[in-house]
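For reference, the structure is listed below as structure tokens.
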Amino acid sequence: MDVITEKCCGIDVHQKQITLTTLIGRADQKPRKNSRRYGTTSPELRQCANWLLEKEVEVVLMESTGQYWRPVWQILEPYGFKMVLCNPRIIKNIPGKKTDQKDSEWIAELARLGLVAASFIPPRPIQELRESTRTRKSLTETATSIKNKIHNILQRSNIKLTTYVTDIFGSSGQKLLALLIQGKPINLQTVSKCMHAKLKAKPEMIVAALDGSLSPSDRQILKIELALLADVQQAIHALELLIEEQLQPLEELYLRLQTIPGISKHIAQIVIAEVGTDVSPFPTAHHLASWAGLCPGNYESAGQSKSSHILHGNVYLKTALVTAALGAKRQTCSGLKDFFYRLKGHMSAQKAVVALAHKLLRITYAMIETGSSYQEYRKDQRAKALVGQ
């Protein structure tokens, strides 16, 4: 194999220490091997960077081990090394030869031969935006989990409030839940004061629905869960404000992406956080779609191509785009809706949705790359184009 880099370093990253191996030598010679270990505190990582500078290392390759690689990357990057991060799944060493020393040597060898494709690492502002949107998603899932627990408490206590109140976490629902928590009498007078004018159910129905057997223990648990829900919702609101603030320098792109059918403000935020404002790390839109997990893999055996499911990819981006596709296919007078139903004629609806999500990502790629705005392309325009051919 051809040598790509004559001065490289492989780093095996762990929580408490990192193991480095440098390979230095001309392509036609056997490289000189040097190994060291450093702690992961900032002063020790700076010592590591100075040692690499003394060795005149050009390329540093490491694997993305949890979050442990991030401080190593942030400290070494300003020193001018060409930093390469790779997926641990694709650089596994030979079984039976697993030590920190051998792992770092293997990683250095891969760097020397250029056998590993670099993972996409966005600029620092985009990384911060990404952390904000992912934290919001985690908190939203936490809020959903708490709501499910509250529903379970009510159901096991035979309180059928959800039968008559669609959202028990709205204004009226919260007031009715407060009656249960505080142990106040449930009658027509107290219930009527809690009911919003838009509620279709009659007070008699609500009184009957609240006539359950809520134990003192469940009452306390319900109080705790509602307090947790309020705290989580407050945190989500704070994150929303932070995300809007982080997106202010990117407002032009943020607004342009929202012109695409199905792309809401929420989804546009996720797209910018995951892809960034520069798509040059992805040579084509198909490379970006593969990274997002919206392309099927290749599976060929004995000369026969077999079906293959889409890959794991970037779950956050893929989920957002599939959600956008579900919204785009419902919009009237949209070329994307025509595209979906044209595909649905010869494949399952689920595959057509994924194909539409793939198309949305390619449109996004083109808009970021060229700085253009979205232009609607309807079925009648497509028919005219085909006639013109």
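Worth saying up front: this structure is predicted, and the values here are computed from it rather than measured.
- Sorted by first then second residue, the salt bridge (charged side-chain N to carboxylate O under 4.0 Å, His left out) pairs that include residues 318-331, not counting sequence neighbours, number zero.
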Begin with the C-alpha distance, continue with both residues' side-chain angles, and end with the deciding distance and a verdict on side-chain contact (heavy atoms from CB on, under 4.5 Å) for Tyr316 and Thr133. CA-CA 9 Å; Tyr316 300 93; Thr133 56; over 6 Å; no
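- Aromatic ring centres of Tyr365 and Phe282 lie farther apart than the 6.0 Å criterion allows.
- In this pair, Trp69 and Trp73 present their aromatic rings perpendicular. The plane angle is above 60°, beyond the 30 to 60° band.
- Gln220 and Ser217 share no donor-acceptor pair across their side chains, judged by distance under 3.5 Å alone.
- Remark: the Thr19 side chain and the Ser104 side chain contain no N/O donor-acceptor pair separated by less than 3.5 Å.
- In summary, the side chains of Thr284 and His287 do present a donor paired with an acceptor at a separation below 3.5 Å, with no hydrogens or angles considered.
- Residues Gln182 and Arg219 have side chains that never bring a donor and an acceptor to within less than 3.5 angstrom of each other.
- Partner of Leu294 under the side-chain contact (heavy atoms from CB on, under 4.5 Å) criterion, chosen from Leu360, Val354, Leu356: Val354.
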Apply side-chain contact (heavy atoms from CB on, under 4.5 Å) to Tyr68 and Ile18, showing your working. CA-CA 10 Å; Tyr68 302 143; Ile18 59 173; over 6 Å; no
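- If you check the side chains of Thr21 and Ser35, you find a donor sitting under 3.5 Å from an acceptor.
- For the residue pair Ser132 / Gln246, a side-chain donor-acceptor distance below 3.5 Å is found, with atom types taken as modelled.
- With salt bridges taken as basic N to acidic carboxylate O contacts below 4.0 Å, none links Arg37 and Glu44.
- Below 30°, between 30° and 60°, or above 60°: for Phe169 and His151 the angle between ring planes is above 60°, a perpendicular geometry.
- In the model, Tyr38 has no side-chain atom that pairs as donor or acceptor with a side-chain atom of Gln47 under 3.5 Å.
- Side-chain atoms of Thr190 and Asn187 include a donor-acceptor pair closer than 3.5 Å.
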